[in-house]
Amino acid sequence: MSVKFNSSYAEDFLRGNDLKGLEAQVAAAHRAVNGKSGLGSDFLGWVSLPADYDREEFSRIKAAAAKIRSDSDILIVIGIGGSYLGARAAIEFLKGPYYNSLRDGAPEIYFAGNSISGAYLSDIMELCRGKRVSVNIISKSGTTTEPAVAFRVLRRYLEEQYGEKGAAERIYCTTDKSKGTLKKLADEKGYECFVVPDDVGGRYSVLTAVGLLPIAAAGADIDRLMQGAAKAMEIYNEPDMYKNGCYIYAALRNALYRKGKSVELLVSYEPRFTMMAEWFKQLFGESEGKDGKGLFPASVTFSTDLHSMGQFIQDGSRIMFETVVAFGESDKDITIKAETDDGDGLNFLAGRTMSYVNSKAFEGTVLAHTDGGVPNFVITVDRPDEENLGELIYFFEKACAVSGYLLGVNPFDQPGVESYKKNMFALLGKPGYEERKAELEARLK
């Protein structure tokens with residue numbers, strides 16, 4: 001196992017019966033997930049995806065990524081939520097947060113359609129001037145407001161630059177396999193299409209074409225990514241929760257939730273993990289936050305946030321626990337050198353790597369926070385590479401599904417997301433919302 005779960009720093013906050021009382025529920029959740037029989041079972045396709053993904057489409061994804069790398073200076077990935085977070089998180093995890101400046105033979109990759117900010121999209125358009133540009137639009141329906149607006153703008157830009165036929169060779173659609181506004185447009189215009197599977201929800205879709213095309217375009221090895229996920233699928237199929245780190249994590253976070261810990265703080269000590277934390281927050285927040293239940297997923301990057309949030313974590317209200325993702329090895333490092341005058345008093349670190357210092361910051365912080373009343377879990381990842389990332393993604397996805405079932409909710413729907421959309425459509429004057437518009441405008445006065 002390259003991903004290891006350690007609960008030893010939380011043991012003082014738990015009693016022997018806390019896990020014992022969850023054994024039957026975890027067993028039932030295991031059967032529901034693996035048998036695809038629980039709440040939201042229509043969206044459990046991700047469970048077996050690492051073994052039964054479409055090999056023909058996978059080959060087309062790699063070919064499209066190679067074409068993008070050869071003919072594009074910039075790739076714009078248009079999507080929101082699960083349609084962009086997984087890809088962006090994986091690229092930064094594997095290539096670092098400065099990917100666009102340090103890329104090697106790959107295009108710069110920017111993400112649009114994840115907000116409705118005109119200033120944000122204008123800046124992306126400015127980056128495109130004088131560059132060879134391709135677009136990957138990711139939308140199951142093609143009508144979600146944020147990506148649809150961005151695609152309308154960028155499609156027009158490409159058609160102005162390359163003509164309608166030339167633009168069609170630079171637009172890649174990841175959408176429904178047979179229906180929807182975007183699929184219809186793609187068929188009419190001749191855009192190459194990849195499939196958003198019917199049985200995989202957006203926040204679980206990073207290992208489908210939704211995430212794989214941008215990840216491959218960035219130069220990552222998606223074969224190894226899927227191999228890591230396939231390994232995880234086998235490892236975390238163990239029904240005995242005491243032998244399954246994924247299930248123990250799901251059970252323990254629920255045990256702490258039942259003790260009043262209402263916030264899970266995902267912690268890392270590497271900036272390259274920051275967007276993975278954003279992906280994690282959507283995965284767990286959208287899966288569990290319903291029916292008045294659920295842990296609130298938050299995140300910090302240490303040691304940076306120890307100088308901003310550290311005080312609250314150490315001494316504030318005891319509402320949280322931490323899940324730390326730590327790396328066993330670093331693919332890049334710097335060794336600290338001795339200085340003659342030792343003016344900064346750091347010669348005691350001479351010969352040490354920054355990774356070593358970072359590891360001691362981690363160890364010191366875990367001990368300080370547990371002493372301060374904050375339980376800590378630690379997930380150790382050997383190296384930040386594709387295979388380990390595939391394993392880690394699957395670890396979190398399965399833990400989230402099991403944890404949702406332990407809460408008694410459907411981890412695969414998101415009814416609350418529709419509320420803001422209906423209000424926004426009404427206030428914008430979309431046909432059919434006239435009565436709602438009048439009501440909302442009266443409330444806003």
Asks: Just checking, R155 and F151: is the charged tip under 6.0 Å from the six-membered ring centre and within 45° of the axis?
Replies: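 Yes, R155 and F151 form such a contact.
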Asks: Please verify the inter-ring angle class for F111 with Y84; under 30° counts as parallel, over 60° as perpendicular, anything in between as tilted.
Replies: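 Taking Y84 first and then F111, their aromatic rings sit tilted (interplane angle of 30° to 60°).
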Asks: Going by side-chain hydrogen bond (donor to acceptor under 3.5 Å, both in side chains), name the residues that satisfy it together with T301, two or more places apart in sequence or in a different chain.
Replies: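 In terms of side-chain hydrogen bond (donor to acceptor under 3.5 Å, both in side chains), with neighbours along the sequence ignored, T301 is linked to T274.
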Asks: So with a 6.0 Å cut-off around CD of E339, is the heavy-atom count from everything else above 12?
Replies: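 Atom CD in E339 is not packed in, count stays at 12 or less.
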Asks: Test of understanding: with side chain to side chain contact (heavy atoms under 4.5 Å, CB included), list the residues that count as partners of Q414, not counting sequence neighbours.
Replies: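 In terms of side chain to side chain contact (heavy atoms under 4.5 Å, CB included), with neighbours along the sequence ignored, Q414 is linked to R203, E286, V417.
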Asks: Taking K290 first and then D413, would you say they form a salt bridge - that is, a charged N and a carboxylate O separated by under 4.0 Å?
Replies: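 Judged by the 4.0 Å cut-off on N to carboxylate O distance, K290 and D413 do form a salt bridge.
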Asks: For a quick check under 3.5 Å, do K231 and S2 share a side-chain donor-acceptor pair by atom type?
Replies: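 Yes, side-chain donor-acceptor contact under 3.5 Å.
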Asks: Do F327 and F362 make the cut of ring centroids closer than 6.0 angstrom?
Replies: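 That pair fails the under 6.0 Å test.
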Asks: Apply salt bridge (charged side-chain N to carboxylate O under 4.0 Å, His left out) to K131 and list each qualifying residue two or more places apart in sequence or on a separate chain.
Replies: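 For K131, the residues satisfying salt bridge (charged side-chain N to carboxylate O under 4.0 Å, His left out) (neighbours in sequence not counted) are E108.
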Asks: Which of these, E322, M309, H307, sits in a side chain to side chain contact (heavy atoms under 4.5 Å, CB included) with F302?
Replies: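 Single side chain to side chain contact (heavy atoms under 4.5 Å, CB included) partner of F302 among E322, M309, H307: E322.
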Asks: Using a distance-only test with no angle check, is there a side-chain donor-acceptor pair under 3.5 angstrom linking T380 and N6?
Replies: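 On atom types as modelled, these side chains do not qualify, holding no pair under 3.5 Å.
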Asks: Between F5 and F377, what is the ring plane arrangement, given parallel below 30°, perpendicular above 60°, and tilted in between?
Replies: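 Geometry flag for F377 against F5: tilted rings.
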Asks: Fit a plane to each ring of F412 and Y204, take the angle between them on a 0 to 90° scale, and name the class: parallel (under 30°), tilted (30 to 60°) or perpendicular (over 60°).
Replies: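 Because their plane-to-plane angle lies in the 30° to 60° range, the rings of F412 and Y204 count as tilted.
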Asks: With a distance cut-off below 6.0 Å to the six-membered ring centre and an angular limit of 45° from the axis, does R253 pair with Y257 as a cation-pi contact?
Replies: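 No, cation not above the ring by the 6.0 Å, 45° rule.
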Asks: Measure from NZ or CZ of R55 to the centre of the six-membered ring of Y53, then state whether that distance is under 6.0 Å and the direction lies within 45° of the axis.
Replies: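 Yes, a cation-pi geometry holds between R55 and Y53.
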Asks: Can E439 and R436 be counted as an ion pair, charged N to O under 4.0 angstrom?
Replies: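 Looking at E439 and R436, the cut-off is not met.
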Asks: Would you say D315 and Q311 are linked by a side-chain donor-acceptor pair, where the criterion is simply a distance under 3.5 Å?
Replies: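 Yes, side-chain donor-acceptor contact under 3.5 Å.
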